[in-house]
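Presented below is the structure to which this report refers.
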Amino acid sequence: MFDLKMIRDNPDAFDAGLARRGLGPMASVIIALDAENRALMTEAQAAQARRNEASKLIGRAKATGNEDEASALMAEVGVLKAKLATFELDIATQTEKLNDLLSSLPNTPYEDVPDGVDESDNVEVRTWGTPRPMAWAAREHFELGEALQMMDFERAAKMSGARFVLLTGQLARLERAIGQFMIDLHVDEHNYAEIMVPSLVRSEALYGTGQLPKFSEDQFRTTGDHWLIPTAEVPLTNIHSGEILEEENLPLRGTALTQCFRSEAGSSGRDTRGMIRQHQFNKVELVSITTPEQSDAELERKTGCAEEVLKRLGLPYRVVKLCVGDMGFGARRTYDIEVWLPGQERYREISSCSTCGDFQARRMKTRCRSKGEKQTRFVHTLNGSGLAVGRTLVAVMENYQREDGAITVPEALRPYMGNIDVIGGSQN
RNA sequence: GGAGACGUGGCUGAGUGGUCGAAAGCGCUCCCCUGCUAAGGGAGUAUACUGGCAACGGUAUCGAGGGUUCGAAUCCCUUCGUCUCCGCCA
């Protein structure tokens, strides 16, 4: 959502931002709608002012028994009332038109975000680690998992259809261990508050973070009035919707481990094998609410927190800055972290860290104010995966696979795995 | 799921159709007084939009949305939420 004043004051800059997203200019249309709307409001408010005044006079006239004056005033107000009804209708129509338009526009990228249309135009920022040498042909995670008889896509499909998985035994435990490990790291060392959030939310929450109205097809919805969250970003970011926060308490950092649900409409045929793209997966999410001044540094910090998970697990990765065309709807700048998958011999996304500026804050009306000030401002919101649990499991399996198909448990996870150091192999 | 009660400003809490954006108290801010401490006096203290260079105005908001009325915090409807009792349930 955009600031109308900003569009009014810098129409060219606004259109330039849209242009980078591949959209045509909108500023003049928006400004015209807004001007029309404000003119209507000014007129309507004048009429309302007179109505309020007259109504008070009626009260006074009645109190003093001046019935003639009262009925004259009532006649005047009757006329105003009819006028006001049409004003209200016009204003409502105009406002809706304007809101529909504004809420469908993606956020404008920051200047340092590279141009480009898809992921091939992303810019590598840094890499960490080197892939382990393997003397055999590296297997993909589903080959390993199925051979271990701990990963079952067919039986999952029996009850739930495609894009679901059944993990059993040590792999189920590994999934759980990875989630615990990540949450503990972010809570104990990165100063995030641990939060348990609802997995079902109302449409207003999805509107607040930008999934609605445009991306309803990507979500699962209940027959009632709820939607399954596609990411904990939704509940975590919406916690403070409608509130005015004290700036001295910012930034607020919250983390949650939740299941995420995505319809994956439009990705049919992509990543059909294995756990990379599922309708349901676990993810640890990192959300920050900051002042406008803090958000740039917070994005770097957050990305670092996510990277730390991979470092502790000894998983090689690289960080890329997304180009304009690959960024999400609400983002102004995004870093993706891509982990090395030996089975695919390529880096795959395992985290995405974004700053949304005040884009979401405007939608959900989260403001801040420094102590003693009267002026409020919209906060900045940031989100990032820290990390996607399922994909981390994939990465652990593929990077730590042994020639015999067993999987070495990374040191950091052993306390969460009953201190075993290998999954499969002779000891299982 | 059944029955009922309630939702007012940072908090407590008045207010059942008229000058109420809203009493009072608490809290908070500023000022005055007071040689510490304590107490006292005065002023101020919501948000958004909008008009104006500004000074200063206007409009809306008493959970939310709609309705009745010349006029609604007050009446009616819908909805969301909270609480109590019963039932059910992890």
Side-chain angles (χ1 to χ4, degrees), chain A residues 1-9 30-103 196-208 212 221-227 235 238-250 259 358 360-379:
Chain A
M1 192 64 90
F2 293 99
D3 181 7
L4 281 168
K5 279 197 195 109
M6 183 276 286
I7 299 176
R8 245 182 272 153
D9 295 343
I30 291 168
I31 289 171
L33 270 174
D34 176 51
E36 209 176 319
N37 204 15
R38 281 186 302 137
L40 279 170
M41 278 169 77
T42 306
E43 264 194 88
Q45 289 188 357
Q48 282 170 326
R50 175 56 193 161
R51 182 202 60 190
N52 290 347
E53 189 191 6
S55 289
K56 281 182 186 174
L57 291 173
I58 290 169
R60 217 168 294 169
K62 290 217 169 192
T64 56
N66 192 341
E67 289 297 332
D68 287 348
E69 192 186 333
S71 49
L73 285 163
M74 280 163 73
E76 187 194 344
V77 174
V79 175
L80 282 174
K81 227 185 124 178
K83 250 165 92 181
L84 277 172
T86 64
F87 272 131
E88 273 172 31
L89 202 69
D90 290 349
I91 290 171
T93 316
Q94 289 288 331
T95 306
E96 194 185 337
K97 231 193 260 179
L98 197 52
N99 281 344
D100 285 353
L101 186 56
L102 286 175
S103 63
M196 285 288 301
V197 295
S199 296
L200 290 167
V201 296
R202 292 225 186 83
S203 51
E204 300 87 81
L206 284 164
Y207 177 84
L212 291 182
R221 75 199 87 176
T222 68
T223 54
D225 204 20
H226 288 109
W227 303 72
N238 274 283
I239 288 174
H240 297 288
S241 69
E243 298 181 19
I244 299 172
L245 305 170
E246 288 201 19
E247 287 189 11
E248 62 181 17
N249 294 331
L250 303 181
Q259 295 186 318
D358 63 10
Q360 294 178 326
R362 287 179 182 282
R363 292 177 159 243
M364 53 189 197
K365 297 188 170 47
T366 306
R367 295 181 289 259
C368 65
R369 169 168 56 198
S370 66
K371 216 174 170 64
E373 290 284 315
K374 198 170 166 65
Q375 186 74 26
T376 64
R377 320 186 275 169
F378 285 104
V379 298

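Chain letters run A, B, ... following the sequence lines, proteins first, then strands; residues in each count from 1.
Taking the C1' atoms as reference points, U84(B) lies 25 Å from C77(B), given to the whole Å. One C1' atom belongs to C62(B), the other to G10(B), and the distance between them is 16 Å to the nearest Å. With P as the reference atom, G13(B) and G7(B) are 11 Å apart, rounded to whole Å. Comparing the P positions of G2(B) and C88(B) gives an interatomic distance of 15 Å, to the nearest angstrom. Taking atom P on both nucleotides, A72(B) is separated from G87(B) by 45 Å, rounded to a whole Å. Of the C1' atoms belonging to A14(B) and C26(B), the separation is 15 Å, rounded to the nearest Å. Spacing between G58(B) and U45(B) at atom C1', rounded to whole Å, works out to 22 Å. Across U8(B) and U82(B), the matching P atoms stand 14 Å from one another, rounded to whole Å.
Side chain of Ser55(A), nearest nucleotide from C49(B), U50(B), C70(B): C70(B). Side-chain atoms of Met41(A) lie closest to C49(B) of the nucleotides C49(B), G81(B), U47(B). For Thr376(A), whose side chain is taken as the heavy atoms from C-beta onward, the closest listed nucleotide among G18(B), C80(B), U47(B) is U47(B).
Atom CG in Leu40(A) sits roughly 18 Å away from atom P in C49(B) (whole-Å rounding). Note: CG (Asn99(A)) to P (C49(B)) measures 13 Å, nearest angstrom. Between Gln375(A) atom CD and A46(B) atom P there is a gap of 15 Å when expressed in whole angstrom units. Per the geometry, CD1 belonging to Ile244(A) stands 6 Å off P belonging to A48(B), to the nearest Å.
Here the side chain of Asn238(A) pairs a donor or acceptor atom with the backbone of Ala205(A) at under 3.5 angstrom.
Nucleotide C83(B) is matched to G4(B) when pairs are restricted to Watson-Crick or G-U wobble geometry with both distances under 3.5 angstrom. Taking a pair to require two hydrogen-bonding distances under 3.5 Å in either a Watson-Crick or a G-U wobble arrangement, C26(B) pairs with G10(B). Base pairing annotation: U47(B) forms a Watson-Crick or G-U wobble pair with A60(B), both donor-acceptor distances under 3.5 Å. Under the Watson-Crick and G-U wobble criteria, each requiring two contacts below 3.5 Å, nucleotide G18(B) is paired to C70(B). As the counterpart of C88(B), no nucleotide is assigned, since no Watson-Crick or G-U wobble pattern has both distances under 3.5 Å. Using Watson-Crick or G-U wobble geometry with both donor-acceptor distances under 3.5 Å, C33(B) finds no partner in any strand shown.
Every side chain to side chain contact (heavy atoms under 4.5 Å, CB included) that Leu4(A) has, sequence neighbours left out, goes to Arg8(A), Ile30(A), Asp34(A), Leu98(A), Leu102(A). By the side chain to side chain contact (heavy atoms under 4.5 Å, CB included) test, Asn99(A) is found to be paired with Thr95(A), residues two or more places apart in sequence or in another chain being considered. Every ring pair (Phe, Tyr, Trp, His ring centres under 6.0 Å) that Phe2(A) has, sequence neighbours left out, goes to Phe14(A), Phe359(A).
Phosphate contact (OP1/OP2 of G51(B), side-chain N/O of Arg38(A), threshold under 4.0 Å): present.
The two residues Ile58(A) and Ala70(A) have their closest heavy-atom pair at CG1-O, 4.1 Å. The heavy-atom pair separating Gly208(A) from Arg363(A) by the smallest distance is O-CB, 3.5 Å.
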Subject >> Under 4.0 Å protein heavy-atom contact, by nucleotide of nucleotides 58-65 of chain B - B base, S sugar-phosphate only >> reply: BSS-----
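In the region residues 73-95 of chain A, proximity to RNA chain B at under 4.0 angstrom, judged on heavy atoms, holds for Met74(A), Val77(A), Lys81(A).
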Indicate every side-chain donor-acceptor pair of residues 85-94 of chain A with a distance under 3.5 Å to a residue at least two apart or in another chain.
| unit_1 | atom_1 | unit_2 | atom_2 | d |
| --- | --- | --- | --- | --- |
| Thr86(A) | OG1 | Lys83(A) | O | 2.8 |
| Thr93(A) | OG1 | Leu89(A) | O | 2.7 |
| Gln94(A) | NE2 | Glu36(A) | OE2 | 3.2 |

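Ion pairing between a basic and an acidic side chain is recognised when a charged N comes within 4.0 Å of a carboxylate O; Glu53(A) and Arg50(A) show such pairing. With respect to Lys365(A) and Glu243(A), no salt bridge is recorded, no charged nitrogen being found less than 4.0 Å from a carboxylate O.
Backbone-only contact: Arg8(A) has heavy atoms under 4.0 Å from sugar-phosphate atoms and none from a base.
Position along RNA chain B of the nearest nucleotide to Ile58(A) versus Lys5(A) favours Lys5(A) as the more 5'-ward residue.
Side-chain contact check for Glu204(A) versus Met364(A): every heavy-atom pair is 4.5 Å or farther apart. Within the 4.5 Å cutoff, the side chain of Leu200(A) has heavy atoms near those of the Thr222(A) side chain.
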